[in-house]
Structures are given as C-alpha cells and as structure tokens.
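What follows is a set of notes on a single structure, which appears directly below.
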Amino acid sequence: MIEQTLVLIKPDGVRRGLIGEVIRRIEAKGLRIVAMKMLQFDETLTRRHYGQYAKEDFYPALSRFIQSGPSVAMVVEGLEAIGIVRLMMGPTRALDAAPGTIRGDLALGTRENIVHGSDSPAAARREIACFFRKKEIFRNANA
Ligand code: UDP
Ligand code: MG
C-alpha cells in the first residue's frame with residue numbers, strides 16, 4: 001500500500017551536515033519527498049510530538065536536545081513507506097542499530113540518533129498534521 005510517513009532529521013543530523021546523506025538514502029531507495037521544511041522545535045511542538053514520553057526519565061534531556069537547533073521535517077511517500085523508513089533508520093538504541101542503517105552507520109547515541117520516522121499509520125497521520133497543512137503536501141501520482 002502507498003503510505004505517507006513523517007521523517008525528521010533531528011538537530012544532531014543538521015549540525016553534523018547529514019541532511020543530504022539522509023535525503024540521499026530516502027531518494028535512492030525509491031521513496032518520494034512530497035513535503036519538506038526546516039524548523040526549530042519549541043516547548044509546544046515538543047509536547048505535541050513527544051508527549052507520550054512526558055513522564056519518562058529521558059524526557060527532559062530529549063526535550064532539550066530536540067529544541068537545541070533546527071530540524072528538517074519531511075513527508076515521505078511510497079510503497080509501505082512507514083515500515084521501510086523504520087527499517088532504514090534502524091532501532092533506537094545505538095547498540096542495536098546494525099551497519100547499513102542510518103543510525104547504525106551514522107549515530108553512536110540513543111538520544112542523538114539523527115532521524116525520526118512514524119511507527120504506525122495512525123502515528124503518521126497525527127505527526128504529519130503537527131508539521132504540515134494539507135496544501136503543503138504534494139502528492140505524487142506515480143510514486
Ligand atoms: N530516547 C532517549 N532515550 C531513550 C529512549 C528514547 O533519549 O531511552 C529518545 C530518542 O531520541 C528516540 C526518541 O526519544 O529517538 C523517541 O523514542 P522512541 O522509542 O519513539 O524511538 P524511535 O521511534 O525514534 O526509534
Ligand atoms: Mg518513535
């Protein structure tokens with residue numbers, strides 16, 4: 001099924017000059033970028049995006065990190081895009097992320113791990129709506 005998913009290049013990825021590397025991998029896979037912007041998280045957006053973790057020990061540090069500089073937000077579209085992007089990212093924990101994945105190749109930390117990708121269709125819908133209006137998304141007819 002053709003899906004849309006929200007992908008973020010987090011502040012560590014932007015700082016380290018990895019915007020192009022992440023986009024290159026997404027495009028090389030055959031997925032399409034149908035919306036994109038650069039923005040900096042504030043407290044409100046952090047709550048909307050990561051609110052499910054508000055009670056976790058790691059939340060304060062995650063909140064500081066995600067607000068620490070600009071991120072790039074994208075809507076990525078393609079066949080099974082949600083699961084494919086999650087596979088390309090690799091698992092959250094640095095020690096679990098195998099070489100070949102974005103995190104396995106490019107990240108050492110569990111918090112500073114370069115990318116975000118929605119983990120389900122419901123999450124994708126909710127997250128895309130946090131960052132983009134309908135008219136900012138360019139649906140690709142032949143994706
Ligand atoms: N995170 C963290 N410490 C943890 C777990 C998660 O700092 O122990 C951060 C990390 O940046 C992660 C984000 O919180 O990417 C969201 O966590 P989630 O479990 O949703 O991981 P993801 O879906 O990004 O793999
Ligand atoms: Mg997640």
Side-chain angles (χ1 to χ4, degrees), residues 1-134 136-140 143:
M1 196 171 58
I2 303 288
E3 294 175 334
Q4 291 184 346
T5 187
L6 180 82
V7 176
L8 298 174
I9 304 172
K10 296 182 185 182
D12 59 328
V14 173
R15 268 195 291 275
R16 291 176 53 198
L18 296 172
I19 295 173
E21 173 66 18
V22 173
I23 289 176
R24 185 192 66 74
R25 289 175 182 232
I26 288 168
E27 291 188 324
K29 182 70 174 170
L31 296 166
R32 292 284 171 197
I33 295 165
V34 296
M36 180 157 64
K37 63 176 69 164
M38 184 178 261
L39 64 116
Q40 187 153 355
F41 276 67
D42 60 11
E43 202 64 48
T44 305
L45 185 57
T46 302
R47 280 277 162 171
R48 284 184 76 190
H49 185 69
Y50 280 135
Q52 66 183 121
Y53 301 126
K55 294 207 160 64
E56 302 288 341
D57 289 347
F58 64 77
Y59 185 80
L62 171 60
S63 176
R64 274 194 303 278
F65 161 58
I66 204 70
Q67 295 182 52
S68 67
S71 295
V72 173
M74 291 175 264
V75 179
V76 170
E77 183 179 89
L79 197 61
E80 318 289 5
I82 296 169
I84 294 285
V85 166
R86 294 287 297 184
L87 274 177
M88 292 174 70
M89 284 165 49
T92 318
R93 261 167 44 99
L95 265 176
D96 299 331
T101 64
I102 292 170
R103 287 166 170 174
D105 287 346
L106 306 172
L108 275 174
T110 289
R111 176 168 55 246
E112 303 208 5
N113 55 13
I114 317 268
V115 278
H116 167 87
S118 308
D119 65 7
S120 69
R125 270 193 301 279
R126 187 185 71 76
E127 293 174 358
I128 287 169
C130 286
F131 294 88
F132 295 97
R133 301 164 185 275
K134 278 236 153 51
E136 293 175 318
I137 301 171
F138 296 84
R139 283 200 60 95
N140 197 311

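Atoms within a ligand are numbered from 1 in the order they appear, just like the ligands themselves.
Annotation for I114 and G13: closest pair CG2-CA, 4.2 Å, computed over non-hydrogen atoms.
In terms of modelled atom types and a separation under 3.5 Å, the side chain of E77 and the main chain of V34 share no donor-acceptor contact. Distance alone, capped at 3.5 Å, places no donor-acceptor pair between the R15 side chain and the P70 backbone.
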Working note: R32 + E27, criterion salt bridge (charged side-chain N to carboxylate O under 4.0 Å, His left out); need CA distance, chi angles, decisive distance, verdict. CA-CA 6 Å; R32 292 284 171 197; E27 291 188 324; over 6 Å; no

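Counting heavy atoms closer than 4.0 Å to ligand 1, residue F65 contributes nothing at all.
Counting heavy atoms from C-beta outward, T46 and T44 have side chains that stay 4.5 Å or more apart.
Closest to atom 24 (O) of ligand 1 by heavy atom, among Q52, H116, R103, E56, is R103. The heavy atom nearest to atom 9 (C) of ligand 1, out of those in L62, T92, N113, is found in L62.
Atoms of ligand 1 found under 4.0 Å from any heavy atom of R86, numbered from 1 in the order shown, are 22 (P), 23 (O), 25 (O). Each of the following atoms of ligand 1 lies closer than 4.0 Å to a heavy atom of Y53: 16 (C), 17 (O), 18 (P), 19 (O), 20 (O). Of all the atoms in ligand 1, the ones that sit under 4.0 Å from a non-hydrogen atom of T110 are 3 (N), 4 (C), 10 (C), 11 (O).
Among all protein heavy atoms, the one lying closest to atom 11 (O) of ligand 1 is R111 O, 2.8 Å. In this structure, the protein non-hydrogen atom closest to atom 8 (O) of ligand 1 is F58 CD2, 3.4 Å.
Relative orientation of the H49 and F131 rings is perpendicular, given thresholds of 30° and 60° on the angle between their planes.
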